[in-house]
Amino acid sequence: MTANIDHAGTGTPPAATDRLTGPWHDTTLTPEARADALLAAMTLQEKTAQLVGVWVGASDEGGEVAPFQHDMEEPVDLDELLPHGLGQLTRPFGTAPVDPAVGALSLARTQERITGANRFGIPALAHEECLAGFATWGATAYPVPLSWGATFHPELVGEMAAAIGRDLSSVGVRQGLAPVLDVVRDARWGRVEETIGEDPYLVGTVATAYVRGLESAGVVATLKHFAGYSASRAGRNLAPVGMGARERADVILPPFEMAVRESGVRSVMHAYTDTDGIPSAADGPLLTGLLRDTWGFGGTVVADYFGIAFLKTLHGVAGSYGEAAAAALGAGVDVELPTVKTFGRPLADALAEGLVPEALVDRAVRRVLVQKAQLGLLDAEWSPVPPVLAAAAEDADPEALRGTVRLDTEENRALARRVAEEAVVLLRNDGTLPLAADPPAGAPARIALVGPNADTPTAVLGCYSFPVHVGGRHPGTPLGLALPTLREALAAEFPHSEIVTTPGAALDGRDTDGFGEALALAEGADLVIAALGDRAGLFGRGTSGEGCDAEDLELPGVQQQLLDALLDTGTPVVVTLLAGRPYALGRAADDAAAVVQAFFPGEEGTRAVASVLSGRTAPSGRLPVSVPRHPGSQPSTYLAARLGHASEVSHADPTPAFGFGHGLTYTAFTWSDLVVEREQAPTEGEFTLSCTVRNTGGRQGTEVVQVYLHDPVASVVQPVQRLIGYVRLGLRPAEAARVRMTVPADLASFTGREGRRIVEPGALELRLGASSTDTRLVARLTLTGPVRTVDHTRRLHMGVETEILTDAP
C-alpha cells in the first residue's frame with residue numbers, strides 16, 4: 001500500500017493543494033530548528049490549530065474517522081477546521097469497537113485527508129488510553145497498574161509497556177495516556193485501581209520503567225495526573241485537595257520528578273483537581289516553574305479531558321471559555337484534549353482582544369512541532385500508512401483486511417500471564433495452600449466455588465480496559481478476548497476435583513436469598529473458594545473505577561455477610577479477591593484458611609490465581625497498598641506520622657490487617673549477617689551495609705528485601721518510616737544471596753521548615769524488612785555535619801550489588 005490511499009466510498013477526497021516546502025522537512029536539522037522554521041511560516045490560525053484535538057472514532061467500514069459527540073462539546077466541522085491543520089486525533093481506536101486492520105485503514109485515510117487539507121502537510125498525532133494495555137477492541141488486556149505495583153518488578157513492567165507500545169505504533173498511534181503516578185492517599189477513591197500504590201518510591205520506579213518501555217517503541221508516554229488528584233477529600237472524584245505544600249513535595253511530586261529525570265518521558269497531563277484553591281490546569285508555578293524551569297521537562301503538557309473548560313464550569317476561576325484558555329495557556333498547558341472547546345474560537349477571540357499574547361501560542365506550538373519532528377511526522381517521506389498495512393494493496397478492501405491484524409498475540413498473552421502471576425499476593429495461609437492438583441497427593445474431591453466473581457468473565461478487567469470502558473455501550477459486540485472465568489480456570493487447574501458453583505449474591509446487591517444454596521454447597525464440600533471483589537465501571541456503573549468512589553472499605557453489597565456465613569460452616573475457606581482496591585475482610589483476615597489478593601489481573605488473571613492456588617506458580621506478589629482491618633479507617637496509609645498510627649488518645653485504630661509490602665510465599669527465608677561498613681557519614685556522604693537472605697524451605701521462592709528509613713528526630717514531623725529501596729530475589733531451596741546496599745544521605749532528605757529540601761544530621765534507622773510491618777534487620781546510623789540543602793539533582797536510588805551463594809546452610 002502506498003500513501004495514495006483510495007478514498008472510494010469514504011466521501012469526497014480532499015482537494016489537492018500546493019505544498020510549501022522548507023527546512024522543517026530537513027531531517028539533518030534538529031527537531032528544534034525544524035520547529036522554529038515551520039513556526040515562522042505559519043499563520044496564527046494555523047498555529048492554534050496545532051493546539052487542539054478532535055475526538056473521533058475510526059470507521060469499521062474503513063472510511064475516514066467520524067467526530068465523536070459528547071455532552072461536553074459542540075459538533076466539530078472538519079471541513080472548516082482541517083485546512084488550518086490539526087494537533088491531535090483523540091482515541092480513534094478506543095471510542096467504539098473496530099477491527100484493528102480496518103481501524104488502521106480508517107486512520108490512514110483520515111491522516112491523508114488531514115495532510116492534504118493543510119498547506120504544510122502536517123499530520124495529526126493520534127493518542128489512545130493504555131492503562132492496562134491498548135484500550136481497543138481485541139487488544140491484550142493486561143493487569144491494571146495496582147498489579148504492576150504488586151510485582152515490585154519494574155523491569156517486567158517495562159517489558160509489558162514495550163509490547164503495548166509496539167501494538168499502538170503498529171496501527172498508527174503515537175501517544176499513550178499512561179502511566180498514572182498518583183500516590184494513593186485514600187483507598188476509597190474509585191481510581192485506586194489505576195494507581196501503582198501508596199508509596200512514592202514504588203510508584204516512581206515502576207512508572208519510570210513503564211515510560212521507558214512505551215517510549216522505546218516510539219510512543220510518547222504521558223505522566224498523569226499532575227499533581228495531587230489522588231488526595232481529593234474523602235476519596236471523592238474531583239473533590240478539592242487540601243494537603244499542604246510539604247505533603248505535596250514529599251509524597252505526591254517525587255514519582256513525577258523521578259520519571260521526568262530518568263525516563264525520557266515526552267508528555268505530562270495536568271490533574272483535574274485544585275490544591276488549596278489553585279486548579280492544576282491554571283497552576284503556572286507547577287506546570288512551568290517546577291516542571292520545566294526546575295526539572296527541565298521539554299515535552300508537551302496536555303489537558304485532561306475537558307480540564308480547561310472546567311476552569312469555568314467546575315472551578316469558577318474563569319468567567320468565560322476565553323478566560324479559561326488564557327489561564328491554561330499562560331500556566332503552561334500546550335494542547336487541549338479531547339476536542340476543541342476553549343483553544344478554538346474562545347482563544348481566537350481572546351487573542352484578537354489582546355487578552356492573550358501571541359508569544360504564549362508560539363511557546364506551546366513550538367513544543368508540539370518539536371514533538372512531531374521527533375516522531376518523524378514532519379519528514380517529507382512520512383506516510384500515513386501504518387506498519388500493519390505496509391504490505392496491503394493500494395486499493396485495499398476493508399473486508400479483505402478484516403481479521404488480518406492481531407493485537408492479542410500468544411506472546412502478549414504469555415507476557416500478561418507473567419505479570420499477573422507475579423502480581424498475585426498471598427495474604428494469609430494456614431497451610432491449606434498450595435492445593436494438590438491430583439488425587440494421589442490429596443486433591444480436594446469437591447470444591448465449592450462461591451461468590452459473585454466465580455463465573456464472571458470480566459471480573460479480571462479494570463475500568464480502562466476496552467470491554468469495560470467502551471464495550472458496555474455496545475452490548476451486542478463480542479468481547480474480542482478470551483476471558484476464562486475463575487470457574488473455568490480452576491476446572492483446568494484441578495481436573496480431578498468436582499467443582500460446584502453458585503454466586504451466593506449479586507456483587508453489589510443487598511439480597512441474601514442466594515445464601516441458602518451457597519451454604520449448602522459449602523457444607524457438602526471439602527474446600528470453599530470464595531470468589532469476591534469488585535466490578536469495574538465508570539461513574540457509578542461499577543464498584544471500582546473512575547467516579548466509583550466508596551463510602552468505606554467494606555466489601556460491596558452483602559459479600560462480607562456471605563463470607564462470614566461461609567466461615568461459619570466449618571469448611572475451610574480460601575478467599576480469592578478480584579478487586580480494584582483493598583477491602584477490610586472482617587474475621588476472614590484471621591479465620592480464613594487462606595486469602596489471595598489479585599488486583600484486576602487482566603485476561604490471564606484467573607489462570608494466574610489458579611496456578612498460585614495449586615502451587616504451580618510460587619506466589620511472589622507484595623501489597624502495593626495496605627489492607628485495612630476496619631472498613632472505616634480511611635484515609636490512612638503506612639506513610640503516617642506517629643499520631644497517624646494507633647494511640648491511646650483515639651479509639652479509632654488504623655492498624656492494617658496486612659501492611660504495605662506484605663506477601664507470603666510457599667517457602668521460608670532467613671535474614672542474617674547484617675554488616676554496616678560505617679555507622680557514621682556526613683550529610684553529603686553515604687552508608688554501605690549488607691546482609692544475607694537464604695531460602696530455608698523446600699520450594700523455590702521470591703523474597704523482596706524492602707529498605708525503610710526511620711528518622712527518630714527531625715525538624716518537621718516525618719512518617720514513622722518510608723520505603724527508600726527494594727530488591728527482588730528469586731532463590732532455590734538452600735540458595736542464598738548476599739545483598740550489598742549503598743545508601744546515599746540524599747535519601748534521608750525531606751522538605752524542611754523553610755520549604756527547601758534538606759538533609760539533617762542526627763540518628764537514623766535503616767529497617768530491612770519483608771514488609772512495612774515485618775522488620776528483619778535494623779541498622780542504626782548517624783549523619784554528621786551541617787544541615788545540607790539538596791535539589792532536583794540529588795540521588796534518588798540506593799546502589800545494589802547481589803551475589804548468589806550456593807553453599808548449603
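Below, each value reflects all heavy atoms present in this structure, side chains not excepted, and no hydrogens, waters or symmetry copies.
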TODO: I would like to know whether Val180 and Arg191 meet side-chain contact (heavy atoms from CB on, under 4.5 Å); could you show each step before the answer?
DONE: CA-CA 10 Å; Val180 169; Arg191 304 189 78 167; 5.8 Å; no
To the closest 0.5 Å, what do you measure between [atom1] ([X]) and [atom2] ([Y])?
{"X": "Leu532", "Y": "Gln559", "atom1": "CG", "atom2": "CD", "answer": "5.0 Å"}
{"X": "Arg185", "Y": "Arg233", "atom1": "CZ", "atom2": "CZ", "answer": "14.0 Å"}
{"X": "Ile447", "Y": "Leu527", "atom1": "CD1", "atom2": "CG", "answer": "5.5 Å"}
{"X": "Leu555", "Y": "Leu562", "atom1": "CG", "atom2": "CG", "answer": "10.0 Å"}
{"X": "Leu723", "Y": "Ser771", "atom1": "CG", "atom2": "OG", "answer": "11.0 Å"}
{"X": "Thr569", "Y": "Leu521", "atom1": "OG1", "atom2": "CG", "answer": "11.0 Å"}

Considering only heavy atoms from C-beta outward, does the side chain of [X] approach that of [Y] to under 4.5 Å?
{"X": "Asp774", "Y": "His662", "answer": "no"}
{"X": "Val558", "Y": "Phe515", "answer": "yes"}
{"X": "Pro601", "Y": "Val460", "answer": "yes"}
{"X": "Pro200", "Y": "Leu639", "answer": "yes"}
{"X": "Thr458", "Y": "Leu479", "answer": "yes"}
{"X": "Arg776", "Y": "Gln706", "answer": "no"}
{"X": "Trp148", "Y": "Met160", "answer": "yes"}
{"X": "Asp552", "Y": "Gln634", "answer": "no"}

Is the count of non-hydrogen atoms from other residues, nucleotides or ligands lying under 6.0 Å from [X] atom [atom1] greater than 12?
{"X": "Arg236", "atom1": "CZ", "result": "no"}
{"X": "Glu551", "atom1": "CD", "result": "no"}
{"X": "Arg473", "atom1": "CZ", "result": "yes"}

Check: [X]/[Y] side-chain N/O donor and acceptor closer than 3.5 Å:
{"X": "Thr151", "Y": "Arg728", "result": "no"}
{"X": "Thr665", "Y": "Glu703", "result": "no"}
{"X": "Asn695", "Y": "Thr667", "result": "yes"}
{"X": "Tyr464", "Y": "Glu546", "result": "yes"}
{"X": "Tyr666", "Y": "Asn429", "result": "no"}
{"X": "Tyr726", "Y": "Arg622", "result": "no"}

Counting distance only, does the side-chain N/O of [X] pair as donor-acceptor with the main-chain N or O of [Y] below 3.5 Å?
{"X": "Thr576", "Y": "Val596", "value": "no"}
{"X": "Glu193", "Y": "Phe600", "value": "no"}
{"X": "Arg446", "Y": "Gly524", "value": "yes"}
{"X": "Asn453", "Y": "Ala459", "value": "no"}
{"X": "Tyr708", "Y": "Ser772", "value": "yes"}
{"X": "Arg694", "Y": "Ala734", "value": "yes"}
{"X": "His225", "Y": "Asp182", "value": "no"}
{"X": "Thr502", "Y": "Ala518", "value": "no"}
{"X": "Arg417", "Y": "Glu604", "value": "no"}
{"X": "Thr140", "Y": "Tyr142", "value": "no"}

Between [Y] and [X], is there a salt bridge with N-O shorter than 4.0 Å?
{"X": "Asp653", "Y": "Arg629", "answer": "no"}
{"X": "Glu129", "Y": "Lys224", "answer": "yes"}
{"X": "Asp408", "Y": "Arg413", "answer": "yes"}

Open item on the list: One pair to check against side-chain contact (heavy atoms from CB on, under 4.5 Å): Leu613 and Leu433. What are the steps and the verdict?
Closed with: CA-CA 6 Å; Leu613 293 179; Leu433 298 182; 3.8 Å; yes
Can you name the closest pair of heavy atoms from [X] and [Y] and give their distance?
{"X": "Gly547", "Y": "Asn237", "result": "N-ND2, 3.9 Å"}
{"X": "Pro97", "Y": "Val470", "result": "CD-CG1, 4.4 Å"}
{"X": "Glu493", "Y": "Ser611", "result": "OE2-CA, 3.7 Å"}
{"X": "Phe660", "Y": "Asp199", "result": "CZ-CB, 3.5 Å"}
{"X": "Pro656", "Y": "Val627", "result": "CB-O, 3.3 Å"}
{"X": "Pro467", "Y": "Leu481", "result": "CG-CD1, 4.4 Å"}

- [ ] Begin with the C-alpha distance, continue with both residues' side-chain angles, and end with the deciding distance and a verdict on side-chain contact (heavy atoms from CB on, under 4.5 Å) for Leu538 and Cys463.
- [x] CA-CA 7 Å; Leu538 276 168; Cys463 174; 3.5 Å; yes
TODO: Answer yes if the ring centres of Tyr229 and Trp189 are under 6.0 angstrom apart, and no otherwise.
DONE: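 Ring centroids of Tyr229 and Trp189 are less than 6.0 Å from each other.
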Open item on the list: I'd like to know whether Trp671 forms a side-chain contact (heavy atoms from CB on, under 4.5 Å) with Val705, so could you lay out the CA-CA distance, the side-chain angles of the two residues, the decisive distance to 0.1 Å, and finally the verdict.
Closed with: CA-CA 10 Å; Trp671 301 38; Val705 176; 3.8 Å; yes
